[in-house]
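The structure under discussion appears below in the form of structure tokens.
The chain is numbered in sequence order, starting from 1. None of these values were measured; they are calculated from a predicted model.
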Amino acid sequence: MPPTEGVGWIGSRAWQEWASDTGPVVLDLPEAGLVEQRREVTDVSLPLVSFRYTYTFLADGAVVTSDSTLRFRDRAEVETSLVANGYRVLEVRDAPDRPGREFVFVARRAT
């Protein structure tokens, strides 16, 4: 059965989960040593959600930030966009590693 309209990242409001998970994650990188990673949601103006990753290199205290913005679209919007750009939607599936949270669109160029 294909995913329903209410599921997917916009339906699950994934950024709320990100906002509540603010604790650091420590990564051990072969060439850099221990690096502390933090994520912070900086703005929610749907359909856009902005967030910042902050990386602190524990060996020397250097800090690097990365700001990103994602556009969250519902299933109908993505299907409409695919069709408008010459594709035929064959199937819509759940993402295998995030069932109920993200869509995978199987589409083929219309001939």
Side-chain heavy-atom pair Thr65, Tyr53 within 4.5 angstrom cut-off: no

Backbone N/O of Ser50 and side chain of Thr42: donor-acceptor pair under 3.5 Å: yes

Qualifying salt bridge (Lys or Arg N to Asp or Glu O under 4.0 Å) pairs with a residue from residues 34-50, counting only residues at least two apart or across chains: Asp21-Arg39, Glu36-Arg38

Residues Asp67, Phe51; criterion side-chain contact (heavy atoms from CB on, under 4.5 Å); working and verdict: CA-CA 6 Å; Asp67 293 308; Phe51 55 98; over 6 Å; no

Heavy-atom pair with the smallest gap, counting every atom of Pro96 and Pro99: O-CD, 3.8 Å

Heavy-atom donor-acceptor pair, Ser81 side chain to Glu77 backbone, under 3.5 Å: no

Chi angles and distances behind the side-chain contact (heavy atoms from CB on, under 4.5 Å) call for Val89, Val92: CA-CA 8 Å; Val89 177; Val92 181; 3.8 Å; yes

Non-hydrogen side-chain atoms of Glu102 and Val104 separated by less than 4.5 Å: no

Reported CZ-to-CG distance for the pair Arg109 and Leu82, which is rounded to 0.5 angstrom: 10.0 Å

Residue pair Leu29, Tyr55: steps toward the side-chain contact (heavy atoms from CB on, under 4.5 Å) verdict: CA-CA 12 Å; Leu29 303 179; Tyr55 301 94; over 6 Å; no

Side chain to side chain, Leu27 and Val25, heavy atoms closer than 4.5 Å: yes

With sequence neighbours excluded, residues passing side chain to side chain contact (heavy atoms under 4.5 Å, CB included) with Ala62: Phe57, Asp60

Residues clustering with Leu90 (ILVMFWY side chains joined when closer than 4.5 Å, directly or via others): Val106

Distance in Å, Asp28 CG paired with Leu34 CG, rounded so as to fall on 0.5 Å steps: 5.0 Å

Check: Phe72 and Val44 side chains under 4.5 Å, non-hydrogen atoms: no

Ring geometry between Phe103 and Phe105 (parallel below 30°, tilted from 30 to 60°, perpendicular above 60°): perpendicular

Verdict with supporting geometry, Thr56 and Leu58, side-chain contact (heavy atoms from CB on, under 4.5 Å): CA-CA 6 Å; Thr56 303; Leu58 300 180; 4.2 Å; yes

